[in-house]
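To start, the structure itself, in C-alpha cells.
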Amino acid sequence: MTKPVIEVESLAKSFGDNHVLKDITEKVEPGQVIVVIGPSGGGKSTFLRCLNLLETPTSGKVAFEGQDLTTLDTKSVNSLREKMGMVFQGFNLFPNMTVLENIKLAPMKVKNVDDASATKTAHELLQRVGLEDHADAFPSSLSGGQAQRVAIARALAMNPEVMLFDEPTSALDPEMVGEVLNVMQELAKDGMTMVVVTHEMGFAKSVADRIWFMADGYIQEDSTPDEFFSNPQTERAKDFLSKILI
Amino acid sequence: MKKRFGLLLAIIVALFMTVVPLNAQHAQAADNSLAEIQKKGTLVMGTSPDYPPYEFQATVNGKSTVVGMDIQIGKKVAKDLGVKLKVKSMSFDSLLVALQTGKIDMIISGMNPTPARRKNVAFTHVYYQGGYSIVVNKTDKAKYKDKDSFKGGTLAAQTGTTQYNAIKKQTSGTKTKGMTSQSDLILALQSHKVDGVAMEKPSAQAYVSNNKSLASIPSHFNMSSSATSSAIAFRKGSTSLVNEVNKTVDQIKKQNLVKKQYLPAAGKYLKTNSVDTSMPHYWKAFATGVEYTLIITVCSVFFGFIIGILLALARMAKGNPLKTALRWLATAYVEFIRGTPMMVQVMFVYFGLGLFVNLPALTSGIIAISLNSGAYVAEYIRGGINSVNIGQTEAARSLGMSNGATMRYVILPQALKNIWPSLGNEFITLIKDSSIVSIIGVTELIYQSNIVRSDTYRGVAPIVVIMVLYFIMTFTASRILNYFERRMQHD
C-alpha cells in the first residue's frame, strides 16, 4: 500500500463559539481526486484551508507526507505549502503584475529559479491552460474563466504534489465554468492528486475517485461517486441530494 | 537690549538642565576653558543676524556675510586670544541653548546681562551701553513726542525683548503688539497696523537712514543701565576665559572703539546694502534657499518613508510578547510624534541630541523631519496594507512565500499604489513644512527670505518671491507624482 499524501486525524476548528469542524479523520492517497460536497456553511472551505494551514486547526493533526503540519515552525510550513497548490473562489491574482509575472513570482522568489527558465515554464503552463496569447495582459483585462485558469497555472508553477481547489467555479458566469473544469479534468487525467470543494455535481460524478459529503462539521459519507449519487447512506445526504437533483 | 526669553526656550533649557546637568557641572568642575579654546584654535560665536547695526546680513563681494559691530567685537576677541573666529547664525531664542549644549563657544548678539541670564551663563563686562528710540512714520512725526504720546494707539516691539516689556509696564492706555522679526515690525508700521515701533537707538538710526518714510523719536523709557547694556556670554564657570576676554572688552571701552570704528563700519554695510534692493540682485540667496529646501525635503521623504514602513510593520506585529511590545512601542511613538509640534521636535533633535553627538543643523533638521514624517507615513502605509484584500496574502502564502516576501512583493506594491495620493500629499506638505528648520539656522528658503528682508528693509517683495518659488516646487512635485500615479494604473 502506498503512503497517503494527506492524513487528517481528529481535526477540529472553532471560531469562538462557532464549532465549524468537529472531528474529522480522513486520508488522501497519491493520484486520488477527492471532491468535497455538502451544504453551504458545512465547513468545506474551512476544512480545505486547514490542509495547508491557512487556518490553524484548534485541535487534531494534519499531516502532509507523514509530517504533522501543526507541530512545524513557520519556515517548514512555508516549504510544505510549495507542494500544495491552492486555487481560490476569487482567483486572487496579483493585480499589479502581468499574467506572466503572476506565474513567475513564486518560482523566482521562493525557489530562486532564474528568470529565463521561469519564463519558459510560465509559457508552457499558459499553453496548457490555453492562454499563451495573454501572457502580457494584466488580470483586470481577463474574464473570470481566464483569470481562474491563470490562477491554476500560477499554482502549477510551483510544481505541487497536491492541488486544493476552493469552489473554483462559484464566482464564474455559467458559460465560463466549462473551460475551468476542462483544465481541472486534464490535470486529474495527468495523475495530479486533487482535493476539490465544489457544487459542480457533474464534475464530481465524472472525475472524482472519492466523494466526501460534509455537513455540520463532520464528513458524513466517504464513498465512490456511484455509491454516493445512487445510494446515499445518511439522511443528511439524501436530503441534500433531493434538493439539488430535481 | 534684546532679551527674548521665549517660553519654548525656557522649557527646553529647563528640560536639559534637569535631565542632563552634565555640561554645567563639567564646566564648573575644572576650569580649563581658556586653554581648551586656545588648543582648539577656533572660537565659535553665535549670533542672530537680524538686528542691524549689531549684526545683520550683507552682500560683501557678491557673498552673503554676517556683518555688524558685534562681529567686529568678536573678531577682536578672537584675535586677542590668538584663535580664529567662526560665526554661526541662529535665531535669538536658540542662542542660550546652543551655548549650553556646546554648539557655540560664546554669544555676541546684543545680549544684555540680566540677573535671570546670569544664573545660566557667565557674562563679560559690558561692551556697549545703548538706549531706546521709537520709530514712527515720518508723516506722523509731529503727533508723537515719546512713549506717552501713543494713548489709544498701538506700540510694537520684538516679542520678549526688554523694550516689549517696557511698553507693557511703562505705558497706559496704549496697546502692545509683539512680532518676532524686526522687518515685520517695520512693515506693520508702514501699513499702519501699529503706530510706533520701539527698538534700540542704533537699530532705529539704521532704519531711519535707510528708509525715507520713517522717523525716530526718543522713547524716554525708564531703564536701569543693566537693561540697556550689551555683554558677551560664555558658558557658566569659564572664569579664566571670561577674565581674558574682559581685558579685550575693557580695551574696547577705553578706546571707545564701538562708536569710533565699529558702528561707522557697520553703517557702511548698511549703505552698500541699500544700493540695490531689487529681488533679482538677491537671486543667489534665494537659490541657496531652494537648494536647501529641496535637500531637506528629498532626504526627509526618503528616510521618512523607510521609517514609515518599519513603523507600520511594527504596528501590525502580532503573536509573541516581543512582537506585542514592538507594536506597543511603535504605537506610542506614532502617537507621541503626532501629538507634539514639529518645531519642538526639531529643537529637541538639534539641542537635545547635540548633548551627546555634535550634529550639524542641516543633519539635525533632516533627522527631525524624517522622524516626524515617518510617523505620518506609517499611518498611511498601515491603512494601505489593510486596504489590500486578504485573498492576496492567502494566495501568496499558499504559493509557499514567506510572510516577508508576501509583504514585499505582493502587499506593499499594491498598498503603495493605493496610498500614492496620500504620500504625494505628504511630500508636498514637507516641501512647505521644511521651513521649520529655519529656527536652527539652516539656510533654507524661509531663512534666506528673512535675511533678504532684513537686508533690504523690504517687507513684501521677498515674501512674494518665496511664495512663487514654493509654488513652483510644489506644483512641479505634484505633476511628477501624477505622472507616476498614471503609470501605476493597471486596473
Side-chain angles (χ1 to χ4, degrees), chain A residues 45 48-49 51-55 73-99 101-112 136-142 147 150-151 154-160 162-166 171, chain B residues 305 309 313-314 316-324 326-327 380-381 383-424 481-491:
Chain A
S45 286
L48 199 68
R49 291 157 62 83
L51 295 185
N52 68 351
L53 249 57
L54 279 185
E55 301 289 357
D73 59 62
T74 322
K75 219 173 158 187
S76 321
V77 169
N78 287 344
S79 61
L80 281 178
R81 278 195 186 125
E82 292 173 33
K83 299 180 185 170
M84 286 192 273
M86 188 163 192
V87 174
F88 300 85
Q89 181 177 349
F91 326 135
N92 293 343
L93 293 180
F94 308 134
N96 54 328
M97 302 176 201
T98 63
V99 165
E101 287 163 350
N102 260 278
I103 300 173
K104 279 158 60 182
L105 181 72
M108 287 176 68
K109 301 303 177 195
V110 179
K111 287 187 165 175
N112 296 316
D136 297 320
F138 279 96
S140 55
S141 68
L142 300 177
V150 172
R154 180 176 69 178
L156 290 174
M158 292 302 282
N159 208 7
V162 182
M163 285 284 283
L164 310 175
F165 291 86
D166 187 6
Chain B
F305 183 66
I309 289 183
L313 294 179
M316 298 196 301
K318 263 183 215 147
N320 54 46
L322 191 74
K323 285 180 174 171
T324 308
L326 196 67
R327 183 178 75 232
Y380 294 138
I381 291 178
I385 289 173
N386 287 338
S387 76
V388 176
N389 191 327
I390 182 78
Q392 294 288 311
T393 309
E394 292 183 345
R397 299 306 301 273
S398 78
L399 287 165
M401 291 173 75
S402 66
N403 209 350
T406 302
M407 200 42 96
R408 183 168 159 206
Y409 299 111
V410 177
I411 307 302
L412 277 182
Q414 295 184 52
L416 192 62
K417 202 198 94 186
N418 292 348
I419 60 169
W420 190 258
S422 311
L423 284 182
L481 291 163
N482 283 353
Y483 170 76
F484 283 108
E485 191 176 341
R486 277 198 305 276
R487 287 243 334 229
M488 284 192 294
Q489 296 297 339
H490 298 311
D491 47 12

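Just so we're on the same page: letters track the sequence lines, and every chain starts at 1.
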>> If you apply the rule side chain to side chain contact (heavy atoms under 4.5 Å, CB included), what do you find for A/L48 with A/F165, and how did you get there?
In response: CA-CA 8 Å; A/L48 199 68; A/F165 291 86; 5.5 Å; no
>> Pairing donors with acceptors under 3.5 angstrom, does anything connect the side chains of A/D136 and A/T98?
In response: no
>> Counting only non-hydrogen atoms closer than 4.5 Å, does A/F94 touch chain B with its backbone (N, CA, C, O), its side chain (CB onward), both, or neither?
In response: both
> Of the backbone (N, CA, C, O) and the side chain (C-beta and beyond), which part of A/L93 lies under 4.5 Å from a heavy atom of chain B, both, or neither?
Replying inline: backbone
>> I want to check something: taking the side chain as every heavy atom from C-beta on, are A/N92 and A/R154 in contact at a cut-off of under 4.5 Å?
In response: yes
>> For B/V410 and A/L105: C-alpha separation, side-chain torsions, deciding distance, then whether side chain to side chain contact (heavy atoms under 4.5 Å, CB included) applies.
In response: CA-CA 9 Å; B/V410 177; A/L105 181 72; 3.7 Å; yes
> What residue, out of A/K109, A/E82, A/M86, has the most heavy-atom pairs lying under 4.5 Å from chain B?
Replying inline: A/K109
> Between A/M84 and chain B, which part of the residue has a heavy atom less than 4.5 Å away: side chain, backbone, both or neither?
Replying inline: backbone
